[in-house]
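Here the structure is laid out as structure tokens; the discussion comes afterwards.
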Amino acid sequence: MGRGKVQLKRIENKINRQVTFSKRRNGLLKKAHEISVLCDAEVAVIVFSPKGKLYEYATDSSMDKILERYERYSYAEKALISAESESEGNWCHEYRKLKAKIETIQKCHKHLMGEDLDSLNLKELQQLEQQLESSLKHIRSRKSHLMMESISELQKKERSLQEENKALQKELVERQKAASRQQQLQQQQQQQQMQWEHQAQTQTHTHTQNQPQAQTSSSSSSFMMRDQQAHAPQQNICSYPPVTMGGEATAAAAAPEQQAQLRICLPPWMLSHLNA
């Protein structure tokens, strides 16, 4: 049969207790050595006997290093636990504060909207009225400032538009002046052309009128010449003397006589033209 459960309790017999302590102590130190070798772990065992005698075991590193490492680890763990507990407490406190602020803000908002005024007394209502009046003043001042800024911007736009309008008017006037000058030039050219055409027509008209007069004058002059020849005495005054081939001296001497004979033969109106 198997071994039954042994109930752990303090051994009343002093000698048996001392024997059990020495046996279990040696087994504990042996197991600590084995686990340190098998698992490459750092192990430290401290045992105080009932009489206060110290028994210890440590791996290759000294006991002091293992204890310092233990203290650091335990201190960091305690600090982390305390920080977590403090942060949890701070978060709870912060949550309560924020919740209270939200409730007060909601109440103030309702009061400003004119709701839930039954809970307010006369003094609180007066304070609320003053707060609303001051907020209205701020709102009106901001509104007037924005309106003045918009008015100044509109005035600037109006000035710029007026300047552009003036520039366009100047350009329009210049274009109208140029168009009027061009029209005047065209009209002057047309007038000159009409004058030239009129002069050409008048000249052709006068030419056509002068042609019959010249024909009548020539016919009258020929008629007068015939009349004069008919009434003139039958003299051989128009006969020219024969020119001999003797030289230039005889031709030069005969030239005045021939001119005199021509003047005698021609009518007086032709002689006037010759003299001229």
Side-chain angles (χ1 to χ4, degrees), residues 1-139 142:
M1 294 180 64
R3 186 178 177 184
K5 250 184 187 183
V6 179
Q7 187 178 1
L8 293 175
K9 64 179 182 178
R10 184 173 179 270
I11 299 171
E12 297 296 334
N13 191 354
K14 196 174 186 179
I15 297 170
N16 293 333
R17 187 168 61 238
Q18 184 65 33
V19 172
T20 303
F21 174 75
S22 62
K23 288 180 180 179
R24 297 279 179 132
R25 182 198 64 199
N26 293 329
L28 180 63
L29 296 176
K30 185 179 179 181
K31 293 291 184 185
H33 176 69
E34 288 176 357
I35 194 171
S36 66
V37 172
L38 293 172
C39 299
D40 194 13
E42 291 183 359
V43 180
V45 179
I46 299 172
V47 180
F48 287 97
S49 67
K51 292 181 180 181
K53 190 177 180 180
L54 175 63
Y55 299 95
E56 63 179 5
Y57 171 81
T59 53
D60 296 336
S61 59
S62 64
M63 181 64 74
D64 295 333
K65 290 181 179 180
I66 295 172
L67 290 175
E68 286 177 2
R69 185 176 179 184
Y70 171 75
E71 287 177 357
R72 286 196 302 270
Y73 180 79
S74 63
Y75 177 77
E77 188 174 348
K78 287 177 182 178
L80 181 62
I81 292 168
S82 63
E84 287 178 355
S85 61
E86 287 178 0
S87 64
E88 287 178 358
N90 292 329
W91 281 115
C92 292
H93 183 65
E94 191 72 20
Y95 171 73
R96 294 189 189 96
K97 286 173 68 176
L98 291 172
K99 188 176 180 181
K101 283 182 180 180
I102 289 168
E103 289 176 355
T104 54
I105 289 168
Q106 287 177 353
K107 285 181 181 179
C108 291
H109 182 263
K110 288 180 179 180
H111 293 161
L112 290 172
M113 294 298 292
E115 298 175 357
D116 295 337
L117 298 176
D118 297 333
S119 61
L120 298 176
N121 56 13
L122 181 62
K123 189 175 181 180
E124 291 175 349
L125 289 171
Q126 288 177 354
Q127 290 178 357
L128 180 62
E129 186 179 3
Q130 291 176 359
Q131 186 178 359
L132 289 171
E133 286 179 355
S134 64
S135 61
L136 282 172
K137 286 180 182 178
H138 289 298
I139 291 166
R142 180 61 181 169

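When reading the values below, keep in mind they use all heavy atoms of this one structure, side chains included, and skip hydrogens, waters and symmetry mates. All values reported here derive from a predicted model rather than from experimental measurement.
In this structure Tyr95 satisfies the side chain to side chain contact (heavy atoms under 4.5 Å, CB included) test together with Lys99, sequence neighbours excluded. Legend: residues meeting side chain to side chain contact (heavy atoms under 4.5 Å, CB included) with Asn16, ordered by chain and number and at least two apart, are Ile11, Asn13. Every residue two or more places apart in sequence or in another chain that forms a side chain to side chain contact (heavy atoms under 4.5 Å, CB included) with Leu54 is listed here: Ile46, Phe48, Glu56. Among residues two or more places apart in sequence or in another chain, the side chain to side chain contact (heavy atoms under 4.5 Å, CB included) test is passed with His33 by Ser36, Val37, Tyr57. Scored by the salt bridge (Lys or Arg N to Asp or Glu O under 4.0 Å) test, Lys110 finds Asp116 as partners (sequence neighbours excluded). Residues satisfying the salt bridge (Lys or Arg N to Asp or Glu O under 4.0 Å) test with Arg69, not counting sequence neighbours, are Glu42.
Among Arg24, Gln18, Lys23, the one residue that satisfies the side-chain contact (heavy atoms from CB on, under 4.5 Å) test with Thr20 is Arg24.
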Would you tabulate the side-chain donor-acceptor contacts of residues 124-137 under 3.5 Å, counting partners in other chains and residues two or more places apart, or write 'none'?
from: Glu124; atom 1: OE1; to: Asn121; atom 2: N; distance (Å): 3.4
from: Ser134; atom 1: OG; to: Gln130; atom 2: O; distance (Å): 3.3
from: Ser134; atom 1: OG; to: Gln131; atom 2: O; distance (Å): 2.7
from: Ser135; atom 1: OG; to: Gln131; atom 2: O; distance (Å): 3.1
from: Ser135; atom 1: OG; to: Leu132; atom 2: O; distance (Å): 2.6

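Closest approach of Thr59 and Ala41 over heavy atoms only: CG2-O, 3.4 Å.
Annotation: salt bridge (charged side-chain N to carboxylate O under 4.0 Å, His left out) contacts involving residues 8-22, sequence neighbours excluded, comprise Arg10-Glu12.
Note that NE2 of His111 and OG1 of Thr104 are 11.0 Å apart. Values are rounded to the nearest 0.5 Å. Interatomic distance, CG of Leu112 versus CD1 of Ile105, reported as 11.5 Å (0.5 Å rounding).
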